[in-house]
Amino acid sequence: MSEKRKPYPFDLFEPKWQSHWAENKTYRTPGPGDEGFDPSKPKYYILDMFPYPSGAGLHVGHPEGYTATDIMGRYKRMNGFNVLHPMGWDAFGLPAEQYAIKTNQHPRVTTEANTKNFRRQLQELGFGYDWDREINTTDPKYVRWTQWIFLQLYNSYFCDEDQKAKPVSELEAKGWAQKEIDEVRLAFIHEAPVNWSPSLGTVLSNEEVEEWKKKGETVERRPLRQWMLRITRYAQRLIDELEPLDWPESIKSLQRNWIGRSEGAEVTFDVEGNDITVFTTRPDTLFGATYMVLAPEHPLVAKITTDENKEAVETYVKACASKSDMDRGLDKDKTGVATGAFAINPVNDEKIPVWIADYVMMGYGSGAIMAVPGHDERDFDFAKKFDIEIKQVVTVAATSGRETNPEVAATVGVGTAINSGFLDGLKTKDAKKKIIHWLVENKKGSKKIQFKLRDWLFSRQRYWGEPFPLLWDKETGQHSSVPESELPLLQPEMEDFKPTGDPRGPLVNCTDWIDYSDKLRRETNTMPQWAGSCWYYLRYCDPDNTENFISPEAENYWGNDDGFVDFYVGGKEHAVLHLLYSRFWHKVLNDLGHVKSSEPFKKYFAPGLIMGEDGQKMSKSLGNVVNPDDVVELYGADSLRLYEMFMGPLDQDKPWAMKGVEGVHRFLAKVWRVACSEDAEGKWQLSGKIAEGKNDDLAKITHATIKRVEEAINTLRFNTGISAMMECTNAYTSAGEVPRDLFLTFLKLLSPFAPHLAEEINSALGETELLSEQTWPVLDESLLVESEIQIIVQVNGKLRARLTVPADISKEDLEKQALADDNVSAHTTEKTVRKVIVIPGKLVNIVAN
RNA sequence: GCCGGUGUGGCGGAAUUGGUAGACGCGCUCGAUUCAAAAUCGAGUUUCUUAGGAAGUAUGGGUUCGAUUCCCAUCGCCGGUACCA
């Protein structure tokens, strides 16, 4: 039994071309200062989200986006652009470390092995990356600049007046005290309840919690001192500056939602001599506030509680503390307890009771609310349960599906103010304005914009991450930064780097390392994985620079003013993590004058998820995972690339189908057989079908294909471009001979999609110049002009005839011919023709009744 | 609940300034080739049908000579988010 014959010898020529490209550095991209750099060329920076090199190797999801960018990059290159298309490794972080622990090896060892495997897999797919620009977030040369950027954050504050970051040295110059400066740094230390994962032995950011819970890790709230980044100061800019970006609406919406902007007002109530401020989006309902609620964790709870209520309150607070946020969210049943204290409603001096209830969260707003049960569902439920007064202060117009009976439920919409003193008769919008004006005049409150976004918890208690380049004074407890000259600060070698459960992290056991001097010791926390990925797109532009994280020349050449990277492609699972974090860092770098743009990614696109053959998400437990290596082994890299592009629209989720891979594999074999055929011994040789000569029909379809492929690439609808090439190939297959120039043109169109096959045939035909280095074919529109065209004839909108007519036929003649058609007249007899619509070049529609 | 996306043959999907619905591929059927098979090549493949047609792009309306495409309402599915005041 001989091995099953391959439809075309991809197993021979794919590795051959891969080594050729690697040895000749075909895809090297010179930048400013590099040999061979041509500043007159337009640039195009196209970027893939770099992978973290997991032990599982490449997933079929990776090549989806990577192939799309590779096609785009090759296309732009052939169109004269200097294309930057780099690749690297996001090799720090929890997943890498978890894998190392699982396999009982040092993370550096596993990372190196995994990286090697990933690089091999990517190279075997024929991607045109400039491997000279490869970066790795764990590389000391890279860590140095990640830490340097962190110090930029540490040494900056957010200036409210200018809405931008500025160096804290400005505050020092103004004579601010150290403590005051520490209060405003963009990187600051903070003690607060955080998401602590006992199973991972580290804290997590709000954005990360769900992801790890899904993976089966435990997460609980626990108060800890942690390093935070003041991303909240950028909330407004992160919303505003999202607007002009060329991103999918769904991703923009996800970010907007996460940042969660609400407009409203702050109102200050007097509670037994204390000022308590609440946030409300409906200040117009202030007259309807019949009680106040504090979160159980509110700092004033103990102070205002009366002696009679003390015991009940303490019991309740204790019960809440033991409940996780999860339980608190799930249990919609209202619970609470009165403090015995009263608040004075500033607008009418009414005394309203102050309650404590866990439906008010300490983490949002001020942790206190004014309750308006007449017009808020939650307050309504609470008031009903505890028999608190419910006041109507807005009449809500009846709109579909909305409850308007105040006996049954809160009426939550907008309407007209009633029982509200000087607001009576005003529409909600105007009432809001008037009450805010009143609050400001009487110094009882002000307009307020509230965000859901919290500051970014930036420290982790892990080994495999960038150590913070910070020092603590052993006596005073004051922190400071290590000198820049000491960067990179690497984590010490450790035998046992497993999490210890100690919230100071495993580095705390490295006593030699911690002791910086007699007076100073090192910070032992490390940065989260996101640190490295926040700025990697900048480093690719100038990966070997030892003086700067990016040279001004490279920054200026490769970046755009309205978003640094021209085109960014990667998974939407990063919509509120990486994509938000790097926007934040980029803005800080912009504010401090290090980059000229305020956004990192001008255009962004998220490929859809590739599901298993069973339509479910691929997972080991379901056994529906497809390994790209297996596909390459069976069908070749070109087939895998082409299939993933042919599956359907790039942004859609779609199921894998091995039969579909066979389909595109057959197509590629068909292209191969246009040029090659087997001899008697079964060896491939040139078929002789490619010949000098002319063929108008093939010229027409070839140029139509140029047009369709160009459109497909420009609109990222690669599936339609592949369809076009399939049709063109079918025409070549049917023809006796194919003119050489047309076929070479076709190979250029195919080359971004299936670069190995295209290069191989091109070279077999005796062409010496690489397709990658040739220019994109020029479309000859004149070939597409038809002398005769088909016109459809409709009667009352229904197709009744097709006419073949000269392309330049007059409207009158067309109408005459249409009416004269047998089938048309059959449908118009016994009817009166009321109207004839003639669309030249397209159709005739006869209206008759 | 709220926000966003989406709905077309047996399957993946095509068709956008509104103008031939189902391109291309998968699967299936038939034929050629073969001792036979695989591979390859060719033909066919939305449904119903009284064979002339009729219906048809989630559902119901609307605008239009004409709607998968535009508008309104409803339903299903996917993703995000949720006592966020």
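In what follows, every heavy atom counts, from backbone to side chain, and hydrogens, waters and symmetry copies are set aside. Letters A, B, ... mirror the listed sequences (proteins, then strands); counts begin at 1.
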Touch class at under 4.0 angstrom, heavy-atom based, for A:Lys670 against every strand present: sugar-phosphate
Minimum-distance nucleotide to A:Lys798 side chain [options: B:C84, B:A54, B:G80]: B:A54
Short side-chain N/O contact to B:C24 OP1/OP2 from A:Arg708, under 4.0 Å: no
Sugar-phosphate, base or nothing in reach of A:Lys252, heavy atoms under 4.0 Å: nothing
Separation of atom NZ in A:Lys654 from atom P in B:A14, rounded to whole Å: 10 Å
Under-4.0 Å side-chain N/O to phosphate OP1/OP2 contact, A:Arg717 with B:A15: yes
B:G9 glycosidic torsion: syn (within 90° of 0) vs anti: syn
Inter-nucleotide C1' distance (B:G13, B:G25), Å rounded: 9 Å
Touch class at under 4.0 angstrom, heavy-atom based, for A:Gln794 against every strand present: base
Sugar-phosphate, base or nothing in reach of A:Gly663, heavy atoms under 4.0 Å: sugar-phosphate
Phosphate contact (B:C26 OP1 or OP2) by A:Arg666 side-chain N/O below 4.0 Å: yes
A:Asn823 side-chain N/O to B:G53 phosphate OP1/OP2 under 4.0 Å: yes
With A:Arg256 via salt bridge (Lys or Arg N to Asp or Glu O under 4.0 Å) - residues at least two apart: A:Glu243, A:Glu249
Greater than 12 external heavy atoms within 6.0 Å of A:Lys385's NZ: yes
Touch class at under 4.0 angstrom, heavy-atom based, for A:Arg800 against every strand present: sugar-phosphate
Pairing of A:Arg261 and A:Asp240 as salt bridge, 4.0 angstrom limit: no
Between A:Asn845 and A:Lys835: side-chain donor-acceptor atoms closer than 3.5 Å: no
Separation of atom CD in A:Glu573 from atom P in B:G5, rounded to whole Å: 20 Å
Between P of B:G79 and NZ of A:Lys617, the distance in whole Å: 9 Å
Sugar-phosphate only, base, or nothing, as touched by A:Lys835 at under 4.0 Å among non-hydrogen atoms: sugar-phosphate
Short side-chain N/O contact from A:Ser262 to OP1 or OP2 of B:A85, under 4.0 Å: yes
Nearest-Å distance once atom C1' is located in both B:C77 and B:A67: 24 Å
Shortest non-hydrogen separation from A:Cys728 to A:Phe746 and the atoms involved: SG-CD1, 3.9 Å
A:Asn845 side chain near B:G19 phosphate (N/O to OP1/OP2, under 4.0 Å): no
Ranges pairing with ranges for RNA chain B, where each run has three or more Watson-Crick or G-U pairs under 3.5 Å: B:1-7 with B:75-81, B:10-12 with B:24-26, B:27-32 with B:40-45, B:46-48 with B:53-55, B:58-62 with B:70-74
B:G25 OP1/OP2 closer than 4.0 Å to side-chain N/O of A:Asn730: yes
Atom pair distance, as rounded to whole Å: CD in A:Gln450 and C1' in B:A85: 10 Å
B:A14 to B:A23 separation - C1' atoms, rounded to the nearest Å: 5 Å
N or O in side chain of A:Lys659 less than 4.0 angstrom from B:G27 OP1/OP2: yes
Touch class at under 4.0 angstrom, heavy-atom based, for A:Leu843 against every strand present: base
